[in-house]
A.B. asks: 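Quick one: the structure is below, and I'll ask about it shortly.
Here the structure is a predicted model, which is why all the values come from computation and not from measurement. In each ligand, atom 1 is the first atom listed, and ligand 1 is the first ligand listed.
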Amino acid sequence: MSKLLTKLSLKLWSDPQQQQAFVQSLTDPQPLHPCIAWVAEPLDEIPFQRITPLPWQLPFVDRLALDERPGKHFLHQQGVYYCLDFSSVFAATTLTPIDPRPKIVLDLCAAPGGKSLLAWRLLQPHLLISNEVIGKRVGMLISSLKRCQIRPVWVLSADPAILADNIPISADVVLVDAPCTGQSLLAKGESAPGCFHPVAIQHNARRQRRILANASQLVVPGGYLAYMTCTFSDAENERVCTWFTRRFPSFVPQTVAPLLGFQSHLTDMPCYRMWPQSGLGAGAFTMLFRNTQKAKSRSPDLNSWLDNNYRWCSDQL
Ligand code: SAM
């Protein structure tokens, strides 16, 4: 593993100090500040010690002192907040330029539900559709959404290709928090077997391209597509974006002002990265596109398709 990690660090960084810092953040992970997203307004009296927010931090997010354990507090079980890595907040910040308020947000890769919650909280869509293709992960998605009383939300479990075929042109915002090699798990002290292996990287890059191609069919003209991963290899991130912009030129890269300080040095496109050596979070990549196609009518079949295929919903349509 360490040879492949060293090789990746040489590819990502020309500066030896950065190479070393990157490798060290993954081989000798340091504690990260716990982070919570408030589902409603923060309580008047917060039972945790918070640390000073960063200038771009979403207003309903708090980072906490290192020794806080918000996941063990009864307020967590009551769904008052959701615990997540700060990298997820970083990735979701890519949604901030989205305007106007979307009718429908479709989260294509949703379990366990962190990005669905952040998108719902930030964009306040008229309807959230959370999709998780892997059947055994749907339960945890539903339980997060129920616990935090997210509504209105419909949960699906379909391959993105099925959705593209059956309900094309249906969402104002499509979120692709793509399955990836998960290299950032190492920065949390977790394991990610094979995450630096070229075969695994290529497999994930291909899968991400397939998901993005299907996602592009789901976005209404003028709508947005947000792509994000929690891994570092450029083959899964910048190079997937390069492929996507060539293959789908009507999807135009969008600048995300709050993330300008996180511009990826590996491309000129507005791709943003949180590196693990920043100490802010385990690490993430994100990019936002806008569909500039001319008006086409929305899928007329959305409601009936949802009715026949949903796994769980908070309220009937
Ligand atoms: N968005 C989630 C969150 O913030 O809590 C994390 C999503 S995780 C990075 C990627 C998800 O994509 C996993 O739940 C995985 O089961 C799902 N997935 C795997 N293969 C997929 C595919 N071919 N199409 C869509 N999603 C897939």
Side-chain angles (χ1 to χ4, degrees), residues 35-37 39 58 61 71 76 79 81-95 105-123 128-148 150 153 155-167 171 173-188 190 192 195 200-218 225-233 236-237 240 244 274 281-287 311:
C35 175
I36 58 176
V39 176
L58 297 176
V61 165
H76 175 258
Y81 52 77
Y82 188 93
C83 299
L84 69 187
D85 187 272
F86 194 52
S87 311
S88 288
V89 176
F90 167 82
T93 302
T94 208
L95 303 173
V105 170
L106 168 56
D107 183 357
L108 270 187
C109 316
K115 305 300 184 318
S116 277
L117 179 132
L118 291 170
W120 173 81
R121 187 70 172 79
L122 182 66
L123 301 173
L128 171 66
I129 303 173
S130 294
N131 179 65
E132 170 54 50
V133 67
I134 306 292
K136 63 175 194 273
R137 290 174 61 82
V138 175
M140 65 173 107
L141 172 62
I142 295 174
S143 107
S144 307
L145 297 168
K146 274 187 183 168
R147 184 172 56 78
C148 297
I150 306 303
V153 55
V155 173
L156 304 176
S157 181
D159 190 280
I162 301 285
L163 299 180
D165 279 348
N166 287 279
I167 49 168
V173 178
V174 174
L175 228 81
V176 175
D177 185 14
C180 64
T181 47
Q183 292 157 354
S184 72
L185 291 175
L186 302 183
K188 294 194 265 191
E190 296 174 24
C195 66
I201 292 174
Q202 281 317 318
H203 164 75
N204 277 283
R206 266 198 303 278
R207 178 162 62 171
Q208 290 168 21
R209 289 199 288 264
R210 188 158 33 86
I211 296 172
L212 284 173
N214 287 311
S216 72
Q217 306 307 304
L218 291 157
L225 172 55
Y227 163 62
M228 53 201 76
T229 77
C230 63
T231 205
F232 306 119
S233 58
E236 290 178 76
N237 295 313
V240 169
F244 183 74
M274 178 177 274
F285 172 94
T286 185
M287 182 164 183
R311 293 289 295 269

A.B. asks: Can you tell me how far SG of Cys230 sits from NZ of Lys188, rounded to the nearest 0.5 angstrom?
C.D. replies: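 So the gap between those two atoms works out to 7.0 Å.
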A.B. asks: Between the main-chain N or O of Ala213 and the side-chain N or O of Ser216, is there a donor-acceptor pair closer than 3.5 Å?
C.D. replies: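 At least one qualifying donor-acceptor pair exists.
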A.B. asks: Classify the contact between Pro160 and ligand 1 as side chain, backbone, both or neither, using a heavy-atom distance cut-off of under 4.0 Å.
C.D. replies: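 Under 4.0 Å from ligand 1, Pro160 contributes side-chain atoms alone.
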A.B. asks: Using a 4.0 Å heavy-atom cut-off, which part of Arg137 comes near ligand 1: side chain, backbone, both, or neither?
C.D. replies: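 Arg137 to ligand 1: side-chain contact only, backbone stays beyond 4.0 Å.
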A.B. asks: Just which atoms of ligand 1 are under 4.0 Å from any heavy atom in Pro112?
C.D. replies: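 Per the distance check, 3 (C), 5 (O).
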A.B. asks: How close does the nearest protein non-hydrogen atom get to atom 18 (N) of ligand 1, and which residue and atom is it?
C.D. replies: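 Here the closest protein heavy atom is Pro179 CG, 3.7 Å.
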A.B. asks: For atom 5 (O) of ligand 1, find the nearest protein heavy atom and state the residue, atom name and distance (0.1 Å precision).
C.D. replies: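 Answer for atom 5 (O) of ligand 1: Gly114 N, 2.9 Å.
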A.B. asks: Does Lys115 reach ligand 1 with a nitrogen or oxygen that is under 3.5 Å from one of the ligand's nitrogen or oxygen atoms?
C.D. replies: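 Among all N and O atoms of Lys115, at least one is under 3.5 Å from an N or O of ligand 1.
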A.B. asks: CG/Leu123 to CG/Leu128 distance, rounded to the nearest 0.5 angstrom?
C.D. replies: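 Those atoms lie 9.5 Å apart.
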A.B. asks: Got His76 and Tyr81 here, is their nearest side-chain heavy-atom distance under 4.5 Å?
C.D. replies: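 Side-chain contact under 4.5 Å: yes.
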A.B. asks: Within a distance under 4.0 Å of any heavy atom of Ile211, pick out the atoms of ligand 1 and give their elements.
C.D. replies: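 Near Ile211, the atoms of ligand 1 are 22 (C), 23 (N), 24 (N), 25 (C).
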A.B. asks: Using 0.5 Å steps for rounding, measure from the CD1 atom of Ile167 to the CG atom of Leu106.
C.D. replies: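 It comes to 6.5 Å.
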A.B. asks: Using a 4.0 Å heavy-atom threshold (strictly under), name the region of Ala178 that reaches ligand 1: side chain, backbone, both or neither.
C.D. replies: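 Only the backbone of Ala178 comes within reach of ligand 1.
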A.B. asks: Would you say that Ser116 contacts Tyr82 through its side chain, given a criterion of any heavy-atom pair below 4.5 Å between the two side chains?
C.D. replies: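 No - every pair of side-chain heavy atoms lies 4.5 Å or more apart.
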A.B. asks: Could you list the atoms of ligand 1 found under 4.0 angstrom from a heavy atom of Gly113?
C.D. replies: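 Checking each atom against Gly113, I get 3 (C), 5 (O).
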A.B. asks: Quiz question: by atom type and distance under 3.5 Å, do the side chains of Glu236 and Thr181 form a donor-acceptor pair?
C.D. replies: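 Side-chain D/A pair, Glu236 to Thr181: present.
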A.B. asks: Report the distance from atom CZ of Arg121 to atom CG of Leu95, rounding to the nearest 0.5 Å.
C.D. replies: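 Those atoms lie 14.0 Å apart.
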A.B. asks: For atom 15 (C) of ligand 1, grab the closest protein heavy atom and report residue, atom and distance to one decimal in Å.
C.D. replies: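 Protein heavy atom at minimum distance: Glu132 OE2, 3.6 Å.
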A.B. asks: Atom CE of Met140 and atom CZ of Arg137: how far apart are they, to the nearest 0.5 Å?
C.D. replies: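 One finds 4.0 Å between CE of Met140 and CZ of Arg137.
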A.B. asks: Ignoring hydrogens, just give me the one of Met228, Arg207, Gln208 whose non-hydrogen atom is nearest atom 20 (N) of ligand 1.
C.D. replies: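 It is Arg207 whose heavy atom sits nearest to atom 20 (N) of ligand 1.
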A.B. asks: Note the single closest protein heavy atom to atom 12 (O) of ligand 1, along with its residue, its atom name and the distance in Å.
C.D. replies: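 So the nearest neighbour among protein heavy atoms is Cys109 CB, 3.3 Å.
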A.B. asks: Please report which non-hydrogen protein atom sits nearest to atom 2 (C) of ligand 1, along with the residue it belongs to and the distance in Å to one decimal place.
C.D. replies: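 Here the closest protein heavy atom is Ala111 O, 3.2 Å.
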A.B. asks: Quick test: of every protein heavy atom, which one is nearest to atom 21 (C) of ligand 1, and how far off is it to 0.1 Å?
C.D. replies: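 Its nearest protein heavy-atom neighbour is Val133 CG1, 3.5 Å.
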A.B. asks: What do we get for Asp177 next to ligand 1 when only non-hydrogen atoms under 4.0 Å count, side chain, backbone, both or neither?
C.D. replies: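 For Asp177, the contact with ligand 1 is made by both the backbone and the side chain.
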A.B. asks: Out of Leu108, Ile129, Asp107, which one pairs with Leu156 under the side chain to side chain contact (heavy atoms under 4.5 Å, CB included) rule?
C.D. replies: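 Considering Leu108, Ile129, Asp107, a side chain to side chain contact (heavy atoms under 4.5 Å, CB included) with Leu156 is found only for Ile129.
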A.B. asks: Under a 4.0 angstrom heavy-atom cut-off, which atoms of ligand 1 come close to Ile134?
C.D. replies: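 Listed by number with element: 16 (O).
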